Amino acid sequence: MEKGATLKSKGKEGSFKGKDDSSIKSKYGRKVRINFEGPLEPKTLSSPKYVGKDDTPFPKGYSSKGGKGDKIANGGKTPAKEPQPLELKIELELPENVKCISMMDCEAASILQGIQDQMVTLSKDPELKLPVPFDKGLQYAKRGVHYTNPQSVRKVLETLTKHGVSNSELCVIANVGPESVDEVFSLVPSLKAKRSKLSEPLKGVLSELAKLKESANLASQLEEESQHGGKSTQGGKFT
Amino acid sequence: MFFHIVLERNMQLHPRHFGRNLRDNIVAKLMKDVEGTCSGRHGFVVAITGIENIGKGLIRDGTGFVSFPVKYQCVVFRPFKGEILEAVVTMVNKMGFFAEAGPVQIFVSNHLIPDDMEFQSGDMPNYTTSDGSVKIQKDSEVRLKIIGTRVDATEIFCIGTIKDDFLGVINDPAAA
């Protein structure tokens, strides 16, 4: 069953069934964690002693289920398999001859909001009605927005492109709004390969984003407060 | 994730729409035909944002209809494998739960929910940790990772997981 599952997933990326998924995924999840702890220590400490120390517990933990085979699979698979899900696919799946730019949720929200506002003025014509996916899309884009100004977010994130981070990866980072560097690497595994190079610039970017987020929060809070203030005075009038 | 993308489509128009308003008619028909549809390749076409150009019309033999090649920009929403999404739970059952991120439906099987979360039946079915600190029920917001998509001509169906680091409930309506 295991063999079948891995074969299938290799042969045909697109065809997914519940069972195959879970077996792949549970293995994958475990590996992620181990990989995560592994290279982190030796890299930050970068002394050969630690590498040696780190090596020993590795097979031990794994020897209970599969031992050597698992270790080999672990070494060989993670780099080959993990970068694939995120960026490669996206360019492959969309036809090459069309222009295609991935957008952050906040950018999408501002565009869609603009269309909706425009639509309100045109809505005398009942024929022109925005479809359900539009509303859902707008709702989704607005809900996930952590920032008020898409351009400034874009500007902050674009500093990462020179480190080889693709546009779609930038968008995922913006949409998720991670708080720590570890979170980024865990959620966007394709970046792990560049971990040593990326950690520092990422830290800067995240703190910048946190500032932007805070200012956005403040703005929305102020807005809410002013609304609430209006309401309470109204309420006061009624009583 | 949302994309801004340029697509092309042949619009067939009846001759009664010709004349001064030809362009407007083509655009109106395009919006009616395309917005809100889902193509497996590009995802959900959420909105058309602009027309790049409209080519020369070609008369269809025998019918009198004329087809115009139209290049247009649009915003599409397409999930892809490995993407992290924030989704709202719409239904919970013992097989797992369904969640919605924009126009896309995502199913998270109970195999892909952390092992320490148990299914609780009742009029508000949910998944809860043994200490009761984390609860997934209808209208919860979860952060999930898409691990598989099935794409066919008219719909996109996703399988997601919350069994990984930094995934799971981000907002619990019961606690709020």
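All of these numbers come straight from a predicted model, not from anything done at the bench. In the text below, chain A, chain B and the rest are named by the order of the sequence lines, each starting its count at 1.
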> Pick one of side chain, backbone, both or neither for A/Val176, based on which atoms fall under 4.5 Å of a heavy atom in chain B.
both
> B/Phe2 and side-chain contact (heavy atoms from CB on, under 4.5 Å): which single residue from A/Asn175, A/Ile111, A/Leu112 fits?
A/Leu112
> For the CD1 atom of A/Ile115 and the CD atom of B/Glu35, what is their distance to the nearest 0.5 Å?
7.0 Å
> I'd like to know whether CD of B/Gln12 has more than 12 heavy-atom contacts from other residues, nucleotides or ligands below 6.0 angstrom.
yes
> Looking only at heavy atoms, which two atoms of B/Arg143 and A/Gly177 are closest? And how far apart?
NH2-O, 4.4 Å
> Below 4.5 Å, heavy-atom pairs only: which of A/Gly114, A/Gly137, A/Ser180, A/Pro178 has the largest tally toward chain B?
A/Gly137
> A/Lys136 versus B/Glu100: any side-chain heavy-atom pair under 4.5 Å?
yes
> Kindly check if the number of other-residue, nucleotide or ligand heavy atoms within 6.0 Å of CE (B/Met91) is above 12?
yes
> With a sphere of 6.0 Å drawn around NZ of B/Lys71, does it hold more than 12 non-hydrogen atoms of other residues, nucleotides or ligands?
no
> Can you confirm whether A/Tyr140 sits close enough to B/Leu85 that some side-chain heavy atom of one is under 4.5 Å from a side-chain heavy atom of the other?
yes
> First locate atom CD of B/Glu83, then atom SG of A/Cys171, and finally report the distance between them rounded to the nearest 0.5 Å.
9.5 Å
> Search all heavy atoms of A/Pro133 against all heavy atoms of B/Val46 and return the closest pair with its distance.
O-CG1, 4.2 Å
> Take a 6.0 Å sphere around CG of B/Asp61 and say whether it holds more than 12 heavy atoms from other residues, nucleotides or ligands.
no
> Would you say that A/Val172 contacts B/Met1 through its side chain, given a criterion of any heavy-atom pair below 4.5 Å between the two side chains?
yes
> More than 12 heavy atoms of other residues, nucleotides or ligands under 6.0 Å from CD1 of B/Ile51: yes or no?
yes
